[in-house]
Amino acid sequence: MNLFDGRTQDKTADQGYDAGSIEVLKGLDPVKRRPGMYTDTSSPDHLAFEVIDNSVDEAIAGFAARIDVTLTQDNRIIVSDNGRGMPVDIHPQEGISGVELIMTKLHAGAKFSNKDYAFSGGLHGVGVSVVNALSIHLCIEICRDKKRYTIEFENGAKTKDLKEAGNAAGTGTTLEFKPDPAYFDTDQFNVTLIRAALKSKAVLCRGLTTTFTVEQTGETDTWHYDQGLDQYLKEMLRSTNTLFPDPFTGSADSDELKAVWAVNWGQEERLDIEESYVNLIPTKLGGTHVNGFRSGLLESVKEFCKFRNLLPKGVFLTPEDIWHNVGYVLSVKLVEAQFSSQTKERLSSRHCAGLVNIQVRDAFSLWLNQNVALGEALARAAIENARNRERKRKKVSLKTRTSGAALPAKLSDCTSDDQSQRELFFVEGDSAGGSAKQARDRRFQAIMPLRGKILNTWDLNASAILDSKEIRDISQVLGVMPGSTDISKLRYNKLCILADADSDGLHIATLLCALFLRHFPEVVRQGHVFVAMPPLYRIDMGKEVFYALDDSERNAITKRLGRRKKPGKINIQRFKGLGEMNPLQLRETTIAPDSRRLVQLTVTDQSDAGEQKNDLPGENDVPPSPPSESEKSPDALIKDDVFQVMDMLLSKKRARDRKRWIETHGVIKEI
């Protein structure tokens with residue numbers, strides 16, 4: 001039986017699917033139902049970090065100088081600070097105390113604007129309420145206005161009202177919680193991780209004292225750093241042979257960003273010290289701030305090499321060459337930082353890359369020219385890394401990869417033979433293709449313009465789609481035949497679909513995604529296909545330029561600019577298509593690895609089939625898991641949720657289902 005004929009969909013209607021089938025989860029129920037959407041469920045460590053980060057936000061704002069954390073013998077965490085204390089007065093709209101509102105309502109907090117916190121890590125208003133939802137017991141003691149208050153919760157529900165419990169000499173908040181083991185793979189806290197986190201908070205927030213007590217062992221650690229990052233990095237590298245006797249350190253300060261950094265290089269071995277923070281929250285997966293830092297260092301070294309004629313002919317430096325033996329600590333404080341998930345492991349604020357790049361590049365260029373001997377030592381190390389990279393690449397010519405066939409004339413290929421670095425952009429139309437050719441880095445980025453919408457290949461077999469010249473050209477450029485599971489001759493590591501942000505562009509992107517999913521499934525499984533996300537708006541205020549992906553980003557940027565002390569006139573330009581962008585704009589927003597935004601196309605055989613993984617600027621990629629045996633057949637993949645959606649949208653046999661879907665979900669907008 002065909003699983004995707006109209007009869008399959010009719011069963012849904014027979015089962016009484018109507019408005020009454022829709023559940024509305026209220027309060028903290030969404031967290032309890034899907035805890036993995038809000039925190040890391042492998043262990044309760046992230047719950048501890050959420051509470052600690054709230055205290056750290058008080059320290060960043062200048063109201064707290066001490067944070068004390070205790071792990072009790074019965075596996076409870078107690079976090080105490082001497083900040084202002086959580087609010088205890090009644091909220092004017094909700095009619096409950098501020099502390100109860102914070103603990104029991106998602107997306108309730110004081111950090112959505114910069115009125116109370118100029119820089120903070122708690123931006124979603126869900127952190128500490130998630131802790132409450134996933135805890136067997138949680139109690140809070142608040143000291144403010146010379147009084148002491150207490151309130152208690154169990155399993156997210158209030159069990160004891162907020163009450164006054166005596167007088168208080170100072171101010172601050174003490175929060176104690178015990179995680180519910182039912183929500184976690186293990187209910188034990190990782191002492192090493194918590195200790196490292198508290199140490200880093202003291203390093204990054206000069207003048208802050210942090211302590212950690214483990215009752216089981218009776219040990220108490222205390223951290224306080226007056227000198228900051230250079231002292232911390234030198235301490236970490238004291239037993240390592242480094243290129244510089246002292247780290248290169250620097251700082252930047254502006255209305256939107258404050259940054260400090262320390263960096264050094266190992267003479268022989270990798271240092272394995274790569275720490276980055278945003279508003280004192282560790283970003284283990286990096287993000288735009290790390291990309292800007294990396295590109296700023298690279299540009300400084302390239303400029304130094306060019307000025308002193310150090311670069312041999314035919315040798316090109318890449319970010320990997322300067323990043324090979326690096327050890328660094330980077331701390332950025334950013335207004336309204338945007339993270340890729342609630343766990344805040346990767347920064348996604350696009351404009352941060354440019355801000356950090358400029359500051360680091362200028363500071364490091366000045367330092368290199370003031371320390372010429374050290375600069376030349378770093379340049380020699382980077383050049384040697386570049387030579388080693390060239391030696392290691394596969395010695396397979398591009399002609400061999402394409403079996404000697406001539407490549408399509410409209411392809412503007414790149415010069416690099418290193419498949420791991422090569423990228424191919426499928427661009428809509430010759431106009432956008434022309435801009436893309438000027439915007440690309442021709443060393444590793446290739447451009448292939450497409451003429452309008454390609455053939456809908458969803459219902460066609462591999463031999464039939466090759467009747468289309470456009471698809472023959474695509475297959476030839478890839479070096480892979482449709483339906484083949486052997487992609488050893490794939491000529492590019494990243495295949496990027498670049499189309500306009502309008503409905504026609506989305507249609508073209510959908511058809512290309514369908515082509516890859518249906519006829520090049522192994523290319524998708526191994527994580528080679530991406531969709532580029534060009535901005536829809538350009539926003540100017542004075543000499544500053546911002547780009548917004550959609551209406552929500554545009555509104556967030558304009559609100560942020562409007563809250564400045566001296567806001568200027570804001571001009572907003574809506575791009576009608578890629579052809580309207582000049583090459584510089586296209587490079588900065590969509591093509592340059594450090595500032596573009598890519599979404600990776602992935603398919604699994606789990607319940608999250610079709611999930612798209614953000615591939616943020618700089619692409620600190622985590623390779624997809626190897627395919628299981630059940631994934632080897634396209635017929636097996638067709639059962640995935642993403643394939644059901646694609647089949648409904650594109651199959652000729654599904655016209656009735658498509659009509660029903662449009663009638664249910666379609667939106668008519670006046671233009």
Side-chain angles (χ1 to χ4, degrees), residues 192-193 195-206 223 225 227-252 259-278 280-302 304-305 317-332 345-347 353 356-357 359-361 363-368 370-371 373-386 388-389 594 618-620:
T192 303
L193 288 181
R195 183 178 285 116
L198 287 169
K199 181 180 180 180
S200 69
K201 305 301 183 188
V203 172
L204 299 170
C205 193
R206 185 178 299 181
W223 299 277
Y225 288 83
Q227 297 181 30
L229 298 189
D230 54 344
Q231 178 187 355
Y232 173 62
L233 189 60
K234 286 183 70 174
E235 180 182 307
M236 297 286 285
L237 299 176
R238 59 178 177 268
S239 60
T240 306
N241 293 324
T242 57
L243 204 60
F244 303 159
D246 295 306
F248 161 62
T249 60
S251 62
V260 292
W261 61 84
V263 60
N264 208 333
W265 282 264
Q267 290 189 357
E268 298 175 356
E269 71 277 12
R270 294 182 67 90
L271 300 184
D272 289 327
I273 300 174
E274 299 183 6
E275 298 184 14
S276 62
Y277 303 84
V278 175
L280 274 67
I281 294 175
T283 47
K284 294 188 295 184
L285 300 181
T288 52
H289 58 318
V290 175
N291 302 329
F293 182 66
R294 178 179 58 184
S295 62
L297 294 175
L298 175 64
E299 290 174 17
S300 299
V301 173
K302 290 170 70 174
F304 180 79
C305 291
L317 297 182
T318 68
E320 288 71 24
D321 302 327
I322 198 72
W323 213 240
H324 183 61
N325 290 343
V326 73
Y328 72 89
V329 183
L330 169 67
S331 176
V332 171
E345 293 180 319
R346 190 198 301 261
L347 181 70
V356 175
N357 174 289
Q359 300 291 344
V360 172
R361 182 189 64 198
F364 197 39
S365 292
L366 180 62
W367 188 91
L368 289 173
Q370 291 174 340
N371 300 269
L374 296 178
E376 290 180 345
L378 176 59
R380 287 193 297 269
I383 291 169
E384 184 60 27
N385 291 336
N388 290 336
R389 172 173 49 81
D594 284 329
E619 292 102 40
N620 302 304

message = Using the rule given for side chain to side chain contact (heavy atoms under 4.5 Å, CB included), can you reason through Thr240 versus Ile273, listing the C-alpha separation, both sets of side-chain angles and the distance that settles it, and then say yes or no?
response = CA-CA 11 Å; Thr240 306; Ile273 300 174; over 6 Å; no
Backbone N/O of [Y] and side chain of [X]: donor-acceptor pair under 3.5 Å:
| X | Y | value |
| --- | --- | --- |
| Trp265 | Ala382 | no |
| Asp321 | Thr318 | yes |
| Asn264 | Phe244 | yes |
| Ser276 | Leu330 | no |

message = I'd like to check the side chain to side chain contact (heavy atoms under 4.5 Å, CB included) partners of Asp246; sequence neighbours left out, ordered by chain and number.
response =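 Expected list: Lys234.
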key: Partner residues of Ala202 under the side chain to side chain contact (heavy atoms under 4.5 Å, CB included) criterion, sequence neighbours left out   = Thr210, Trp223, Tyr225
Heavy-atom pair of closest approach, residues [X] and [Y]:
| X | Y | answer |
| --- | --- | --- |
| Leu317 | Cys305 | CD1-SG, 4.4 Å |
| Gly296 | Val360 | C-CG1, 4.2 Å |
| Leu368 | Ser300 | CD1-O, 3.8 Å |

Within a strict 4.5 Å, meaning less than it, do heavy atoms of the [X] and [Y] side chains meet?
| X | Y | answer |
| --- | --- | --- |
| His289 | Val332 | yes |
| Glu320 | Asn385 | no |
| Ser200 | Val329 | no |

When rounded to the nearest 0.5 angstrom, what distance separates [atom1] in [X] from [atom2] in [Y]?
| X | Y | atom1 | atom2 | answer |
| --- | --- | --- | --- | --- |
| Ser331 | Lys201 | OG | NZ | 9.5 Å |
| Leu297 | Lys302 | CG | NZ | 13.0 Å |
| Leu298 | Arg361 | CG | CZ | 11.5 Å |
| Glu275 | Met236 | CD | CE | 5.0 Å |
| Thr249 | Leu233 | OG1 | CG | 10.0 Å |
| Leu237 | Thr242 | CG | OG1 | 6.5 Å |

task = Mind checking side chain to side chain donor-acceptor pair (under 3.5 Å) for Gln359 and listing every partner two or more places apart, or none if nothing turns up?
result = none
request  = Before giving the answer on salt bridge (charged side-chain N to carboxylate O under 4.0 Å, His left out), spell out for Arg294 and Glu299 the whole-Å C-alpha distance, their side-chain angles and the decisive distance to 0.1 Å.
outcome  = CA-CA 9 Å; Arg294 178 179 58 184; Glu299 290 174 17; over 6 Å; no
query = Taking Phe293 as the fixed residue, which of Phe248, Tyr328, Tyr277 is the one that meets the ring pair (Phe, Tyr, Trp, His ring centres under 6.0 Å) rule?
reply =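 Looking at Phe248, Tyr328, Tyr277, the match for Phe293 under the ring pair (Phe, Tyr, Trp, His ring centres under 6.0 Å) is Tyr328.
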